[in-house]
Amino acid sequence: VGLSFLLVTFLIALFGFTGNLVSIYILQNRRIVSNFNRLLIMLSYFDAGYIFLFLIEQLPPLIEAIKQRPEATSTIHSYLYPPLYVYFLHPFQEVLQTSAVVMMTVISIDRYIAVMHPFLVESSGLFCRVFLKGPTQSGALLYAFCVLFFSVGITFPHFMDYRVMEVDGLTYIALHWTADF
């Protein structure tokens, strides 16, 4: 992968991370806070977390492309980066990405009900008030935890996608289901 591609993707991700932080700041304004805005805030947190992990993942290859060091001395083949990627970055990126998709689904359902059935939420039971209308101020953390728990359950197989291998003194990342490197 070329230096220009790595640099462009890194800058776009940095712009997206900054945009999510700005949207969190704006949506937390006390005058405009609502249950729907809390859903958007949670979506922004999940997106910002995913982009942050992406930035951490892309930083070593970007530094290696800028410094142009030999492969045997690179950070990517060190003892730190492959386990960090295999056991932390890749699985938790999948969890945060799935959480963002779940939040988009919840937001879509919320908007559908608000437009097509505006009186349904007020007249329905506890399920509609909590999960379809969005979290209240006190229940936002529990709501986010439920979304994360659901996402971990769905993406759990990704925790075992890769493994760390050492070949000729270099550490590599390999797909776990392949028989040979």
Side-chain angles (χ1 to χ4, degrees), residues 1 5-6 8-59 61 84-163 173 175-177:
V1 179
F5 178 76
L6 288 172
V8 167
T9 56
F10 191 82
L11 291 175
I12 290 172
L14 198 59
F15 179 72
F17 181 73
T18 306
N20 277 304
L21 293 181
V22 168
S23 67
I24 290 168
Y25 177 75
I26 290 171
L27 289 171
Q28 286 183 340
N29 187 347
R30 294 190 191 275
R31 290 182 285 153
I32 62 170
V33 73
S34 66
N35 290 343
F36 177 68
N37 285 356
R38 285 188 196 98
L39 290 174
L40 292 175
I41 289 169
M42 276 193 270
L43 176 62
S44 293
Y45 274 122
F46 291 137
D47 282 344
Y50 174 79
I51 295 171
F52 180 72
L53 291 179
F54 177 79
L55 289 170
I56 291 174
E57 175 189 341
Q58 291 300 312
L59 196 58
L84 177 70
Y85 178 80
V86 169
Y87 302 118
F88 179 73
L89 292 176
H90 175 69
F92 286 106
Q93 280 179 329
E94 297 293 331
V95 168
L96 291 171
Q97 186 176 24
T98 304
S99 298
V101 170
V102 169
M103 288 307 303
M104 286 298 300
T105 306
V106 169
I107 289 170
S108 299
I109 293 170
D110 178 74
R111 292 297 87 196
Y112 170 78
I113 291 173
V115 171
M116 299 301 288
H117 309 285
F119 300 111
L120 180 67
V121 174
E122 298 302 326
S123 64
S124 295
L126 182 64
F127 177 77
C128 284
R129 282 197 304 265
V130 173
F131 289 104
L132 298 182
K133 189 176 177 186
T136 60
Q137 181 67 31
S138 60
L141 192 59
L142 178 63
Y143 199 89
F145 178 75
C146 290
V147 169
L148 280 172
F149 185 76
F150 179 74
S151 298
V152 167
I154 288 176
T155 61
F156 186 73
H158 289 289
F159 281 76
M160 295 167 262
D161 277 350
Y162 295 102
R163 63 184 168 154
I173 298 169
L175 285 173
H176 186 68
W177 47 269

Could you state the interatomic distance from [atom1] ([X]) to [atom2] ([Y]), rounded to the nearest 0.5 Å?
X    : Y    : atom1 : atom2 : answer
T9   : F54  : OG1   : CZ    : 5.0 Å
F46  : L148 : CZ    : CG    : 4.0 Å
S23  : Q28  : OG    : CD    : 9.5 Å
M104 : L40  : CE    : CG    : 9.0 Å

State which residues pass ring-ring contact (aromatic ring centres under 6.0 Å, His included) with [X]; sequence neighbours excluded, sorted by chain then number.
X    : result
Y112 : H117
F92  : F88, F159
F150 : none

Counterpart residues, side-chain contact (heavy atoms from CB on, under 4.5 Å), relative to [X] (two or more places apart):
X    : answer
Q97  : Y50, E94
F149 : none
F52  : F17, I56

If you look at every heavy atom in [X] and [Y], which pair is closest and at what distance?
X    : Y    : result
L55  : A13  : CD2-CB, 3.6 Å
V147 : M103 : CG2-SD, 3.8 Å
A100 : L43  : O-CD1, 3.5 Å
Q58  : L6   : OE1-CD2, 3.4 Å
V102 : S151 : CG2-OG, 4.2 Å
I24  : I41  : CG1-O, 4.2 Å

| query | Okay, side chain of N20, backbone of G16: is any donor-acceptor separation there less than 3.5 Å? | reply |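 Answer holds: yes.
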| said: Would you say that F36 contacts I107 through its side chain, given a criterion of any heavy-atom pair below 4.5 Å between the two side chains? | reply: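 Answer yes - side chains close enough.
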| said: When you compare the side chains of T98 and T155, does any donor N or O come within less than 3.5 Å of an acceptor on the partner? | reply: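 Checked: T98/T155 side chains show no N/O donor-acceptor pair below 3.5 Å.
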